[in-house]
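The structure appears below as structure tokens.
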Amino acid sequence: YREQEIRQEDQLYQIKMESLLSHDALTEIPLSPLDPEKINNLTAALLYEKPAKTRKISSLIYSRSHGNPAFAVELVKQMVDEKAIVYKNGMWESDETVLSRLQPSESMAEMVLRRMTLLSDMEKSILAAAAATGWKPDMEILFYIFKDEKESGISRQKIVDAVDRALSLQILVRDFN
């Protein structure tokens, strides 16, 4: 998280403070922001492009991310998803019309919430059940939760499709362990 994004009323702040006060195993590792050149190198790597060709795009990303690499990655994804930057004629080009209308998220939480709006109500229900099962949702548990397809209207295929969609939107991430 970015320090300026966490407020005293946020649950993350409360967990952090409780852990620090109780001397639980919590280690904070402050990371300094990346400079514009490093953000440009990161942008170039994400777009599979040479850094000399991504300076204009990375300048915008730096101005929004303030050097936060995780936020920069999310901004690149959003710009590609919303076609503010497109790959044409062998190079990345920014679409000034789309860029001018682009409403980049101001925080990581806002980015995830924005992606959540792309889900149907059924997909949200499935993901809510998955979240309730813990950090690593188990498909078999989801199948069990929605075992009565006639009652829930949710088949095994719909569960798989919802999880696949959440993965494609990067709401969920695949654990390869």
Response to the item:
With sequence neighbours left out, the residues meeting side-chain hydrogen bond (donor to acceptor under 3.5 Å, both in side chains) with Lys56 are Glu96

Worksheet item: Taking only residues two or more places apart in sequence, or in another chain, which ones meet Lys150 in a side-chain contact (heavy atoms from CB on, under 4.5 Å)?
Response: Asp148

Hey, can you pull the donor-acceptor pairs under 3.5 Å for the side chains in residues 34-42, sequence neighbours left out?
unit_1	atom_1	unit_2	atom_2	d
Asp35	OD1	Glu37	N	3.0
Asp35	OD1	Lys38	N	2.8
Glu37	OE1	Arg55	NH1	3.3
Asn40	OD1	Thr54	OG1	2.6
Asn40	OD1	Arg55	N	3.4
Asn40	OD1	Ser58	OG	2.8
Asn40	ND2	Pro51	O	3.0

Practice prompt. Using the test salt bridge (Lys or Arg N to Asp or Glu O under 4.0 Å), find all partners of Glu151 that sit at least two apart in sequence or belong to another chain.
Written response: none

Worksheet item: Do Val160 and Leu127 share a hydrophobic cluster, counting only Ile, Leu, Val, Met, Phe, Trp and Tyr and linking them when any side-chain heavy atoms are less than 4.5 Å apart?
Response: yes

Discussion item. According to salt bridge (Lys or Arg N to Asp or Glu O under 4.0 Å), who are the partners of Glu82, at least two apart in sequence or on a separate chain?
Written reply: Arg114

Worksheet item: Listed by chain and number, what are the side-chain contact (heavy atoms from CB on, under 4.5 Å) partners of Thr97, not counting sequence neighbours?
Response: Asp95, Arg101

Worksheet item: Does Val80 reach the side chain of Leu46, with side-chain heavy atoms less than 4.5 Å apart?
Response: no

Worksheet item: Between the main-chain N or O of Glu49 and the side-chain N or O of Trp92, is there a donor-acceptor pair closer than 3.5 Å?
Response: no

Fill in: Positive for side chain to side chain contact (heavy atoms under 4.5 Å, CB included) with Thr43, one of Ile61, Leu60, Val73
Ile61

Practice prompt. Rounded to the nearest 0.5 Å, what's the gap from CG on Leu75 to CD1 on Ile85? Could you check?
Written response: 10.0 Å

Discussion item. When you group the ILVMFWY residues by side-chain heavy-atom contacts below 4.5 Å and let the links chain together, are Met116 and Leu118 in the same group?
Written reply: yes

Response to the item:
For residues 156-165, the salt bridge (Lys or Arg N to Asp or Glu O under 4.0 Å) pairs (sequence neighbours left out) are Glu123-Arg165

Discussion item. So, taking the atom named CE in Met122 and the one named OG in Ser155, what distance separates them when rounded to the nearest 0.5 Å?
Written reply: 7.5 Å

Discussion item. Quick check: do Leu119 and Ile171 have side-chain heavy atoms less than 4.5 Å from each other?
Written reply: yes

Worksheet item: Partners of Asp138 by side-chain contact (heavy atoms from CB on, under 4.5 Å), sequence neighbours excluded?
Response: Glu140, Ile141

Item to complete: With sequence neighbours excluded, tell me which residues meet side-chain hydrogen bond (donor to acceptor under 3.5 Å, both in side chains) with Tyr87.
Response: none

Worksheet, complete the sentence: Applying salt bridge (Lys or Arg N to Asp or Glu O under 4.0 Å) to Lys77 and not counting sequence neighbours gives Glu74

Fill in: Ile159: side-chain contact (heavy atoms from CB on, under 4.5 Å) partners, not counting sequence neighbours
Ile126, Met139, Leu142, Phe143, Phe146, Ile154

